[in-house]
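Shown next, in structure tokens, is the structure this report addresses.
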There are 2 protein chains.
Amino acid sequence: MDQGEGAARGRGPDPGAGRPTVRDVAREAGVSLATVDRVLNDRPGVREATARRVGAAMERLGYQRDMAAANLSKRRSYRLVFLLAAGTNSFMHMLREAVEKTASFSSMDRIALQSRLVPPFDGPALAAALDAIDPRDTDGVAVVATDEPEVRDAMGRLAARGIRVLTLVSDAPNSARERFVGIDNVVAGRTAAGLLGRFCPAPGRIAVIMGSALLRDHVERRLGFETVIAREYPHLACLPPIEGRDDADTVARELSAQFAAEPGIVGIYSLGAGNRGIVRALEGRPGGRRLPVVVHELTPHARGALMAGVFDAVINQDAGHEIRSAVRILCALIDGRPTFEPQERISVDIFMRDNLP
Amino acid sequence: MDQGEGAARGRGPDPGAGRPTVRDVAREAGVSLATVDRVLNDRPGVREATARRVGAAMERLGYQRDMAAANLSKRRSYRLVFLLAAGTNSFMHMLREAVEKTASFSSMDRIALQSRLVPPFDGPALAAALDAIDPRDTDGVAVVATDEPEVRDAMGRLAARGIRVLTLVSDAPNSARERFVGIDNVVAGRTAAGLLGRFCPAPGRIAVIMGSALLRDHVERRLGFETVIAREYPHLACLPPIEGRDDADTVARELSAQFAAEPGIVGIYSLGAGNRGIVRALEGRPGGRRLPVVVHELTPHARGALMAGVFDAVINQDAGHEIRSAVRILCALIDGRPTFEPQERISVDIFMRDNLP
DNA sequence: TTATTTTTGAGTAACGTACATCATTTCCGA
DNA sequence: TCGGAAATGATGTACGTTACTCAAAAATAA
């Protein structure tokens with residue numbers, strides 16, 4: 001019943017052929033299958049010394065556990081929950097869509113994705129949503145976090161319940177999250193400055209539009225942007241930012257007012273949402289040549305404005321990448337597997353009219 | 001032995017619980033397991049009508065074949081070969097490295113990658129390498145193709161032997177390749193023009209450096225670049241391209257000569273390799289302010305030049321993405337599975353000093 | 001109708017792992 | 001040196017699929 005030292009017969013254990021299995025490890029370590037299994041799934045009842053022998057055997061053979069078979073046997077399914085912000089924000093919409101699309105393809109790999117919407121900018125609500133997650137029906141959570149104490153606490157409780165958790169687009173640095181998936185917003189701001197600085201050769205002022213000074217990403221983008229402009233483009237100066245509350249009407253009104261008050265504006269940087277307001281303000285602007293404009297997030301509107309030549313560049317983070325990366329990382333965390341880092345880096349994408357996807 | 005209509009007992013067939021299996025499909029279609037299997041792996045010996053009934057049952061149940069289990073049973077391993085160009089080209093180096101890194105991680109999923117080097121710019125050699133591929137030990141091939149008749153023919157023979165084949169960075173449009181994985185080089189050239197056009201506000205000429213007028217990607221990039229410059233930046237004119245043969249010394253010499261002959265150069269676009277030559281030519285240039293420079297491929301040297309402020313932007317295609325995408329697509333082709341398109345689009349990346357990875 | 005081919009059913013052993021049970025061996029302290 | 005606890009072995013079943021055999025049934029040809 002057991003295969004002998006069989007040679008190159010189709011199925012034999014051909015020492016060099018198929019990759020090693022648990023049985024090979026058992027044989028190599030001189031223990032039984034059961035013991036290898038105990039070590040592999042660190043179950044109790046195996047002596048330290050034996051465990052080391054098994055480990056050494058795995059090392060020697062280059063054993064790699066077959067995750068597909070393991071998961072098949074475990075009939076494990078990775079049940080992941082995405083907590084996204086509700087509201088009209090275009091980018092959040094894109095995230096939601098990316099979750100859905102990814103979900104339909106992931107079901108092949110026994111990955112079940114679920115996205116839940118949480119009222120935006122509402123720490124207690126987010127904390128409540130986190131607390132409502134039941135370890136019996138979910139294995140991992142990705143959350144678009146706000147950096148507030150109650151949220152951090154809730155994430156701590158979640159982790160304590162044995163659920164792996166990572167932050168998605170907006171980080172909460174001192175929480176129990178095991179990773180952050182998203183871009184470095186300081187870098188994004190610096191990149192915008194590098195573009196706009198070069199796009200604006202004549203001395204003058206830059207209009208800066210942000211959503212809210214309370215949003216961490218916006219603050220970071222502004223920081224990166226203003227630092228680079230000040231250091232590398234001394235012929236430009238940033239005006240005090242307009243707080244547009246990510247609302248097109250507010251942005252249009254305030255920006256128009258700034259055009260009237262400040263004749264020396266030579267460029268526009270918008271680091272939040274509400275970009276339709278910029279288009280309107282520019283249309284209503286009296287005379288003058290067109291202004292270089294750099295904005296964030298490649299929404300359908302931003303895309304249209306790029307194509308129309310109203311925007312010059314869009315700084316983007318790829319929602320699809322972020323979701324897929326979050327899924328892969330969560331699965332790896334759940335399995336206790338390492339991740340393939342170069343694949344998981346989310347890059348700060350620059351889109352212009354010509355390289356639109 | 002067979003489970004009855006058992007209700008919510010842990011393992012029962014809970015009509016709504018676990019996803020449907022072949023047994024469920026068989027029951028639903030009123031046929032046996034064997035028949036479902038015959039349909040699934042389109043084996044002969046099943047009537048048209050029966051096949052349709054099974055198909056309908058799968059539809060109704062939303063059956064999705066468990067690829068992990070299937071592959072486990074088949075003990076299939078995806079054996080893929082990458083044919084890359086040998087030589088000193090930095091980008092090819094990066095491709096090779098990406099194959100190796102991906103290989104080490106893919107072995108977990110029973111994917112075995114192998115890369116083979118072929119003399120560059122040598123159609124017959126590439127054709128020979130393609131012909132040397134044995135269907136008994138490889139399932140799919142990704143090739144950095146040159147667009148030559150003998151290569152196209154060899155790809156046809158490869159496909160005829162039942163090996164799935166796709167082109168990798170450089171396409172061969174009318175061949176038997178099932179897909180092309182790479183960027184649109186016309187788009188890449190247009191993107192470079194959009195950047196350089198904006199970086200050069202003053203009227204003048206653009207020095208253009210290409211590797212060879214025989215390389216398809218280079219020709220396409222040049223086409224895209226010159227079209228956009230002519231149409232959208234009339235204050236700029238492209239000089240006749242320098243053919244640097246992807247060689248730093250040649251590039252340095254020819255570009256220095258052009259600096260001497262042409263005083264009105266306001267920007268540089270290099271669409272091939274040999275970018276170290278540009279740095280040298282710029283260093284040796286007499287006086288004058290610094291020139292905007294846009295190049296292709298984020299090699300270590302290009303990266304250094306970006307950081308030093310010598311280059312302004314680099315147009316890049318992510319070698320890692322390309323390799324991983326090729327692997328995923330080949331596996332999908334082999335399995336006869338659909339691919340997840342949004343994930344497989346290779347984008348034209350723009351890197352500046354501030355958004356370097 | 002019979003003979004023959006084609007289609008279908010039923011069953012079984014894999015694939016590599018997980019997990020449970022029970023028997024057996026080894027260890028350690030009294 | 002014994003008793004009990006801890007460690008290990010042996011074995012079986014399951015996961016969802018593939019792939020095979022052999023027999024039974026159904027369709028088709030004669």
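Bear in mind the structure is a predicted one, so any value in this text is a computation, not a measurement. Letters A, B, ... are given to chains in the order of the sequence lines, protein chains preceding strands, and every chain is numbered from 1.
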Tell me what L33(B) touches on the nucleic acid: a base, only sugar-phosphate, or nothing, going by heavy atoms under 4.0 Å. nothing
Which nucleotide wins on minimum distance to the side chain of V46(B), given the candidates dG16(D), dT8(C), dC20(D)? dT8(C)
Side-chain atoms of S32(B) come closest, of dT17(D), dA10(C), dT8(D), to dA10(C)
Taking for each residue the nucleotide of DNA chain C with the nearest heavy atom, is it A49(B) or A69(A) whose nucleotide lies nearer the 5' end? A49(B)
Just to be sure I understand the rule, does A34(A) reach a base, reach only the sugar-phosphate, or reach nothing, if contact means heavy atoms closer than 4.0 Å? base
Between atom CE in M67(B) and atom P in dT17(D), what is the gap in whole Å? 10 Å
Y63(A) side chain, from C-beta outward: closest of dT17(D), dT17(C), dT18(D): dT17(C)
Among the candidates dG9(D), dG16(D), dA19(D), find the nucleotide nearest to the side-chain atoms of D66(B). dG16(D)
Using a 4.0 Å heavy-atom cut-off, does N41(B) contact any base of the nucleic acid, only the sugar-phosphate backbone, or nothing at all? sugar-phosphate
Can you check the R65(A) CZ to dT17(C) P distance for me, whole Å? 8 Å
Ignoring hydrogens and angles, answer whether the base of dG9(C) and the side-chain atoms of R38(B) contain a donor-acceptor pair closer than 3.5 Å. yes
Minimum heavy-atom distance between A145(B) and L126(B), given as atom pair plus value: CA-CD2, 4.2 Å
Nearest to the side chain of R47(B), which nucleotide is it out of dA27(D), dT17(D), dG9(C)? dA27(D)
Between P on dG16(D) and CG on L61(B), what's the gap in Å once rounded to a whole number? 14 Å
Is any side-chain N or O of R19(B) under 3.5 Å from a base N or O of dG16(D), one able to act as donor and the other as acceptor? no
Row check, Y78(B) ring normal vs R76(B) NZ/CZ: under 6.0 Å, within 45°: yes
Nearest whole Å is fine: how far is dG9(C) C1' from D37(B) CG? 13 Å
For S73(A) and dG16(C), is the shortest distance between a side-chain N/O and OP1 or OP2 below 4.0 Å? no
Take atom CG of D335(A) and atom P of dT17(C), then tell me their distance rounded to the nearest Å. 14 Å
State, with a plain yes or no, whether a side-chain heavy atom of E28(B) is found less than 4.5 Å away from one of Y63(B). no
What integer distance in Å separates R23(A):CZ from dG9(D):P? 14 Å
Side chain proximity check, R177(B) to V143(B), heavy atoms < 4.5 angstrom: no
Is it true that D137(B) and R79(B) have a side-chain N and a carboxylate O under 4.0 angstrom from each other? no
Would you kindly give the NZ-to-C1' distance between K74(B) and dG16(C), to the nearest whole Å? 16 Å
When you measure from the side chain of T50(A), which nucleotide among dG9(D), dT18(D), dA7(D) comes out closest? dA7(D)
Are F91(A) and Q317(A) side-chain neighbours, meaning at least one heavy-atom pair lies under 4.5 Å? yes
V31(B) side chain, from C-beta outward: closest of dG9(C), dA14(C), dA19(D): dG9(C)
To the nearest Å, give me how far apart CZ (R76(B)) and P (dC15(C)) are. 17 Å
